[in-house]
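If you read the sequence from its start, that first residue is 1, and numbering goes on from there. Counting starts at 1 for both ligands and their atoms, following the listed order.
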Amino acid sequence: MKNIYSAIKVTDNVCWVGAIDWTIRDFHGYTTPHGSTYNAYLVMADDITLIDTVKAPFKDEMLSRIKSVVDPSKIKYIISNHSEMDHSGCLPEIIDTLKPKKVFASTIGVKTLKELFHDRHEIIPVKDGETLSLGNMELTFMETRMIHWPNSMFTYLAKDQLLFSQDAFGMHLATLERFDDEISAGTLEFEAATYYANIVLPYSPIVLKVLDKVAASGWKIKIIAPDHGPLWRKNIGRIIELYKKWASQRSVAKAVVVYATMWHSTEKMASAISESLAQAGVKVKLLSMNEFHRSEVVYEVLDAGALIVGSSTLNNNILPQMADVMTYLKGLKPANLIGAAFGSYGWSGEAVRDLEAMLREMKVDIVATAVSVRNVPNEGALQLCNELGKTIAAELKKKAASN
Ligand code: FEO
C-alpha cells in the first residue's frame, strides 16, 4: 500500500518526520486553539538516526513519513532530547518495531524514561558536550536542564549547522507549512510568545544562561529545529532576540487588569482602573475571567510591568475563575511586577485581602492601596479606582524609565 504521509526535506541530510495534531485544544492547562505538531527528525547519515519521536497516538503517522524516505529498520540510533510524553509516548513501541542498535538520552532522561515506561529497553546516557559519530557526520549534545524538564537537552548537527532544540523555540501551531518563512511574522511571534509564556516562563533565568552557553559553544546555526511548530531558518536572529527579551522580563509601561465579577460591580471598578491607566499613558489589557482563558492572561503578562487583580467575594472567597488564573500565574513565576487588588462584596469582603496575599506570594510589589467596595460602587468608589490606576501608572513609568 502506498504511504499516506511524506517526510519533508529540511536539508540534504535531514528530514522532518513528525506528526500534525490538528485537534488538540488543551495542553496540560494551556489552551491550544490552533493545534500543534510533534516534530521528529531523521538524520540520513551513514548511521541513520531518529531525533525524538511523537505522542503515542501519532506513531503510525511518523512511521509512514519515515517509510517515505527509508526502510525504518535501517535506523541505527534514536536520540531522545526530551522525555515528556508528547515526544516519547511511542518510544517503547518504536524501539520494538525498529530495533535500533542504540537509544540515547541525557543522564536524567535515562532515569525519566525508565520511570515513565517501566520497560526493559536500554537507554544509554550521554553527557553534556559528548559527541556521537554517525560515520560521515557527528552529533554533539548539550544539556539544557529545566528548559523545561530536568532531562531536556539540545542536539547539534555540525555538518548542517542545525540545532535540534526540543521544546525551546517551539510553538503550538498545527500547520502544513514547516518553515518560519512560510508563515506570517505576526503569527510566528504571537504563537512563540504564547508558548514561551505558558511553558518556558518559569525557567527564564536558565534560558538566559543557556543562550549564553550556546553562544559560547561557537556553534554556527543555520536552522533551529524545535519539537513543536515550524523550523526557524530565516528569523533565527529574531527568535533568539525575543527569547532574550522575554527571559529578561524587564518592566515596561503596560498593565494587565484581570478580574472576575458576579453582578458587574467588580467589572465597573476594573473599567475605572483601566481608564485611568490609559489616561496616564500606560498600555492596558483588561481581561475578564468570566470570558478569557488563563493562557491568554499569561500571554499578556509576559511583557507587562503591572498586574492588577479583582474579584467579587463569593462565600468568603475569591471567585473560582480568579483562583484558577492566580494558581496558574503563581506557577509560571512572572517576575518584576508591581500590582494592586480590588473588588466588591456583599457582607464579608475577604476577596481583596486574599488577592493581595496571593500577589505578595507571587512577589508582586504592591504599590497602591486596595479598593474594596460593598455592593455597587458609587462615584466616590470609582474615583478611588481611578486613583489606584493613577498610582500604578506613575510607579510603572518610573520603573520602566529606570530599566
Ligand atoms: Fe513538548 Fe515538554 O514537551
Determine yes or no for a side-chain-to-main-chain donor-acceptor pair under 3.5 angstrom, with Ser311 supplying the side chain and Met322 the backbone.
-> no
Examine Asp86 and say whether one of its N/O/S atoms is closer to atom 1 (Fe) of ligand 1 than 2.8 Å.
-> yes
With the threshold set at 4.0 Å, does a side-chain nitrogen-carboxylate oxygen contact exist between Arg233 and Asp181?
-> yes
Minimum-distance N/O/S atom that Glu84 presents toward atom 2 (Fe) of ligand 1 = OE1
Can we say Lys102 and Glu122 salt-bridge, meaning some charged N sits less than 4.0 Å from an Asp/Glu carboxylate O?
-> no
Write the atom name of the N, O or S atom in Asp167 that is nearest atom 2 (Fe) of ligand 1.
-> OD2
Is Lys111 paired with Glu115 through a side-chain N to carboxylate O contact shorter than 4.0 Å?
-> no
Using a cut-off of strictly less than 2.8 Å, determine whether His82 has an N/O/S atom near atom 1 (Fe) of ligand 1.
-> no
